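Note sheet for the following structure.
Since we're looking at a predicted model, the values are computed, not measured. Just so you know, these numbers use all the heavy atoms, side chains as well, and skip hydrogens, waters and symmetry mates. Counting starts at 1 for both ligands and their atoms, in listed order. One is the number of the first residue; the rest follow in order along the sequence.
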Amino acid sequence: MKNIIFLAPPAAGKGTLSEMLVEKYGYGHISTGDLLREEVKAGTPLGKEAEGLMKAGKYVPDDLIIKLISNRITKPDCENGYILDGFPRTLPQAEKYDELLKELGKDLGVVIFIEIDKQMAIERACSRITCPKCGRIFNKYSNEMKPKVEGVCDDCGTELTQRADDNEETFIKRFDEYMEKTMPLYDYYKEKGVLETIKAHSSKYDTFNEAVAILEK
Ligand code: AMP
């Protein structure tokens, strides 16, 4: 299986798409946002450093992120292929990741860019609710993405919460941070010839089908 990097603005649906691809193909799933939220919850020194930045919609320093990633991609669930959901997000991260791959003798795989406009992303983020225990993502106003029982995770029964950074004010900062720091990666990967583009459709199944077509061509 080809490793996947999702390059997408916040709330484009990379978390949901990752869940669907993990279920279909058995990929390892690495979300740097989830890893950071776990560190914050556990109150580790890394979590303490990251918390304020995340709440302000700012990126966490590259060296901390690289440390998280290098520990994670060598785990057994990543042996046959993994999805990077939220990494790399800056050019220095992408360059460090290239070095890491070389050291480990692994392939970059495919980079999938998910196109979404800012207004649609804001609406999604403000109605997104997530499971603080298993990380599953729901949406209050989407028939497809609503939990079966209001406010409760379908998978583990935990009460759903809204992420601290899923409000309009912080979301706009996150989106702007993405445009400034992450969009340059589009050209970086295009030049390498590994970039593919899909659209964030209102139905997650349409987006999923586009991704599957790329992985199976
Ligand atoms: P996400 O769950 O991917 O939306 O990430 C939530 C927040 O975690 C981001 O807004 C950043 O503050 C931080 N974060 C996640 N991944 C990275 C990364 N690769 N580089 C820097 N900060 C990150």
Side-chain angles (χ1 to χ4, degrees), residues 3-19 21-22 29-42 44-73 82-101 108 111-114 116 118 120-139 160-186 188-189 200:
N3 295 326
I4 303 172
I5 292 175
F6 279 128
L7 188 60
K14 53 190 163 50
T16 300
L17 190 51
S18 298
E19 282 170 10
L21 293 173
V22 166
H29 178 209
I30 307 175
S31 154
T32 40
D34 285 349
L35 292 174
L36 288 167
R37 282 183 285 277
E38 277 163 27
E39 299 279 337
V40 170
K41 207 161 134 195
T44 64
L46 193 158
K48 287 193 176 124
E49 195 170 341
E51 190 173 14
L53 291 164
M54 291 169 79
K55 275 203 183 128
K58 296 273 175 204
Y59 283 176
V60 171
D62 292 335
D63 54 335
L64 298 186
I65 299 288
I66 294 289
K67 220 182 276 171
L68 277 180
I69 284 289
S70 38
N71 290 336
R72 184 66 184 84
I73 58 172
Y82 53 86
I83 298 175
L84 288 174
D85 161 0
F87 173 89
R89 259 177 155 109
T90 64
L91 270 176
Q93 287 180 21
E95 286 160 1
K96 274 271 179 230
Y97 181 57
D98 283 345
E99 285 170 25
L100 194 61
L101 288 173
L108 183 81
V111 179
I112 301 183
F113 172 66
I114 312 176
I116 185 168
K118 189 171 181 177
M120 184 175 179
I122 292 174
E123 280 160 23
R124 280 190 179 190
C126 294
S127 55
R128 173 160 69 181
I129 37 178
T130 54
C131 175
K133 189 164 172 219
C134 72
R136 185 155 168 201
I137 302 154
F138 297 87
N139 187 300
L160 299 170
T161 53
Q162 186 166 41
R163 274 171 45 175
D165 56 354
D166 272 347
N167 58 75
E168 187 162 345
E169 193 190 338
T170 310
F171 185 81
I172 289 171
K173 292 195 185 121
R174 287 163 62 203
F175 199 93
D176 293 345
E177 185 90 330
Y178 165 84
M179 290 307 285
E180 181 194 332
K181 300 201 173 130
T182 308
M183 258 329 260
L185 294 184
Y186 182 93
Y188 181 81
Y189 287 122

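Considering both main-chain and side-chain atoms, D165 never comes within under 3.5 Å of ligand 1 through any nitrogen or oxygen pair.
Looking at atom 19 (N) of ligand 1, its nearest protein heavy atom turns out to be G86 O, 2.9 Å. In this structure, the protein non-hydrogen atom closest to atom 18 (C) of ligand 1 is R89 CD, 3.4 Å. Of all protein heavy atoms, the one lying nearest to atom 11 (C) of ligand 1 is K58 O, 3.7 Å.
Distances below 4.0 Å separate heavy atoms of T32 from the following atoms of ligand 1: 15 (C), 16 (N), 17 (C), 19 (N). Atoms of ligand 1 found under 4.0 Å from any heavy atom of R37 (numbered from 1 in listed order, with element): 2 (O), 6 (C).
Judged by the shortest distance from any of its heavy atoms, L36 lies inside the 4.0 Å radius around the atoms of ligand 1.
Here K55 has no heavy atoms under 4.0 Å from ligand 1, in either its backbone or its side chain. When non-hydrogen atoms are compared, ligand 1 lies under 4.0 Å from neither the backbone nor the side chain of E177. With a 4.0 Å heavy-atom cut-off, ligand 1 is reached by the backbone of M54 and by its side chain too.
Counting only heavy atoms from C-beta outward, the side chains of I137 and E19 approach each other to under 4.5 Å. A heavy-atom distance below 4.5 Å is not found between the side chains of I65 and Y97. Residues I5 and I112 are not in side-chain contact: their nearest non-hydrogen atoms beyond the backbone lie 4.5 Å or more apart.
A donor-acceptor contact shorter than 3.5 Å links the side chain of Q162 to the backbone of C126.
The existence of a salt bridge linking E177 and K173 is excluded, since no basic side-chain nitrogen approaches an acidic carboxylate oxygen closer than 4.0 Å.
Not counting sequence neighbours, the partners of D165 by the salt bridge (charged side-chain N to carboxylate O under 4.0 Å, His left out) test are R163, R174. With sequence neighbours left out, the side chain to side chain donor-acceptor pair (under 3.5 Å) criterion links K118 to D176.
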(message) Please evaluate residues L108 and Y189 with respect to the criterion side chain to side chain contact (heavy atoms under 4.5 Å, CB included), reporting the C-alpha separation (whole Å), side-chain torsions for both, the decisive distance (0.1 Å), and the verdict.
(response) CA-CA 10 Å; L108 183 81; Y189 287 122; 3.9 Å; yes
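By heavy-atom distance, the residue among V60, L35, I66 lying nearest atom 22 (N) of ligand 1 is V60. Nearest-residue assignment for atom 10 (O) of ligand 1 (options R163, Q93, K14, R174; heavy-atom criterion): R174.
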